[in-house]
Amino acid sequence: VRYGLAALLVLAGCGGDGDGDEPAAFVAFERDFQSFHAWRSFPVPMGSAQGMAHLDGMRTDYVNRLPPAGAKAFPVGTIIVKELANGDAPDRQVFAMVKRGGGYNDTGARGWEWFELRNRRDGSVAIVWQGVGPPSGESYGGDPAGGCNECHGHAAGNDYVQSAPLMLGAIR
Amino acid sequence: VKRAVFACLVVAACGSGSGDRRTEVAHGTKRVLQAQIDAWMTAVTDLQAAAPTPAGRGWDPAADATAIAAMKEAWGRARVAYERIEGAIAPLFPDSDVATDARYDDFLTMLAPNGDPDPFDDKGVTGMHGIERVLYADKVPEAVVHFEANIPGYRPAAFPKTEADARSFKDKLAARLVRDVRDLRDQFRPLDPDIAFAFRGVIDLVKEQVEKVDKTASGEEESRYAQMTLRDLRSNREGNQAVYEVFRPWVLDQPDGAAHDQRVTAAFNRLETAYAAPGGDAMPPPPPTWSSIQPTAEDLATPFGRLFHAVKDESDETVAGSLHAELLAIATLLGLPEVP
């Protein structure tokens with residue numbers, strides 16, 4: 001087995017948890033992140049550190065598409081990328097959360113899959129890891145507690161999205 | 001099937017540009033993985049079907065010998081199929097990887113301190129190793145018992161003792177594995193993986209192998225009850241080479257591609273030779289003084305030491321000519337995205 005025991009109780013399910021015609025599940029590959037710098041972005045100047053996972057400083061949140069007005073959850077297929085502007089692009093911390101749906105991460109941030117990304121020197125974007133948490137032996141952005149689900153669980157009322165500019169009901 | 005897929009790719013690739021090649025390789029990789037997932041599904045279904053439920057008793061090693069042998073054979077096929085694709089599949093389906101492939105000690109970490117009071121149901125310890133622990137309950141090596149007995153929540157391995165136990169094994173534990181594999185198969189089928197995923201599958205399978213050898217020395221050996229971890233490693237290599245075969249026509253079309261291909265093929269062959277050397281399906285026993293960080297010359301001269309050294313070298317991208325280094329050179333040759 002290669003991945004963390006945090007996934008032990010995650011059950012495979014079926015069906016999406018959003019509205020309308022959204023797909024039941026969406027699995028992101030590297031190609032899905034390549035244009036994230038061109039997505040709608042929300043600069044978050046001088047944000048404070050969030051645990052040890054996200055360092056303090058300038059950061060930008062990117063979203064591939066906004067939820068429809070009045071949505072109570074982000075649709076399956078939503079990709080949110082958080083990039084901390086702490087150095088040259090290849091040295092920046094980049095994390096993402098992808099609304100995978102399909103019962104994924106059912107005991108954590110329901111429906112969301114976590115990613116660590118890296119800006120390559122050629123301008124493309126690589127997936128470092130993905131899953132319901134960091135793989136065994138790795139930590140989340142240097143945080144030995146490694147708590148993607150735990151920390152984002154505090155934002156369960158906003159579909160596990162912590163970002164202030166991405167509060168459901170306030171997005172325009 | 002692999003040969004047929006390979007031939008199709010060769011034909012389809014003629015005259016196509018780099019973008020087409022990338023798509024073809026991504027699709028070819030998916031077909032290789034899908035074939036193994038299907039084989040895995042068949043094997044676990046056969047295993048469940050073979051599970052005996054004798055009236056009024058549990059399993060009897062003599063009376064149920066045929067059924068137990070059939071289950072072991074199916075379990076072996078399941079292991080081969082999964083180990084050929086684990087490096088690529090596990091990152092996409094980490095929940096399934098845990099449910100189907102976690103080891104007893106992994107589960108007990110989560111279940112501590114009470115452990116798993118019912119080893120035959122579909123909760124607690126599950127998956128291929130949970131089933132292996134039941135199938136080989138009468139043959140658990142002493143070193144494995146010694147390792148596991150120190151883990152909080154440990155219970156000795158056992159066959160189903162009653163009719164209810166046997167029924168539970170078939171209808172819950174084995175059925176859960178069938179369900180988990182079916183779910184994974186159904187989730188994988190509609191996916192459209194990209195070239196980065198395909199190549200990363202190759203690299204991750206290479207890196208996977210040294211960890212498995214290393215874990216043998218600490219008692220965390222993978223197929224520890226059946227003593228078939230060496231076969232797991234062979235399956236990793238086979239899966240790795242099968243995916244490389246999808247890339248191979250593209251490699252051979254490149255300037256100097258034939259030389260690259262020769263070096264990669266030589267590395268695969270060296271690994272195959274290293275895995276064949278100990279003989280049998282079991283890992284050679286690590287010497288009592290073994291340290292993977294600073295192995296002594298004496299320990300490296302043992303069958304385990306030689307295997308460790310060979311696998312470690314081939315997995316190390318900094319070793320010139322290693323399998324890992326040659327695969328990365330191929331990535332550069334083809335202009336593939338760098339693997340972090």
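Letters go in sequence order (proteins before strands), and every chain restarts at 1.
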*Are any of the side-chain heavy atoms of L92(B) and V27(A) separated by less than 4.5 Å?*
yes
*Of all pairs that satisfy ring pair (Phe, Tyr, Trp, His ring centres under 6.0 Å), the ones with a partner from residues 195-217 of chain B, not counting sequence neighbours*: F29(A)-F197(B), F199(B)-F247(B)
*Quick one: side-chain hydrogen bond (donor to acceptor under 3.5 Å, both in side chains) partners of W40(B), sequence neighbours excluded?*
none
_For D194(B) versus R31(A), what's the shortest heavy-atom pair and its separation?_
OD2-N, 2.9 Å
_Please classify the contact between I195(B) and chain A as side chain, backbone, both or neither, with a heavy-atom cut-off of under 4.5 Å._
neither
*Please state whether the side chain, the backbone, both or neither of D192(B) comes within less than 4.5 Å of a heavy atom of chain A.*
both
_Residue R118(A) versus chain B: region with a heavy atom under 4.5 Å_ = side chain
*Examine whether an atom of R100(A) lies under 4.5 Å from a heavy atom of chain B, and if so say whether it belongs to the side chain, the backbone or both; otherwise answer neither.*
side chain
*For R200(B), is it the side chain, the backbone, both, or neither that has a heavy atom closer than 4.5 Å to a heavy atom of chain A?*
side chain
*Does K207(B) NZ have over 12 foreign heavy atoms under 6.0 Å away?*
yes
*Do you know which of P337(B), P190(B), A196(B) has the most heavy-atom pairs with chain A at a distance under 4.5 angstrom?*
P337(B)
*Does the side chain of P94(B) come within less than 4.5 Å of Y104(A)'s, by heavy atoms?*
yes
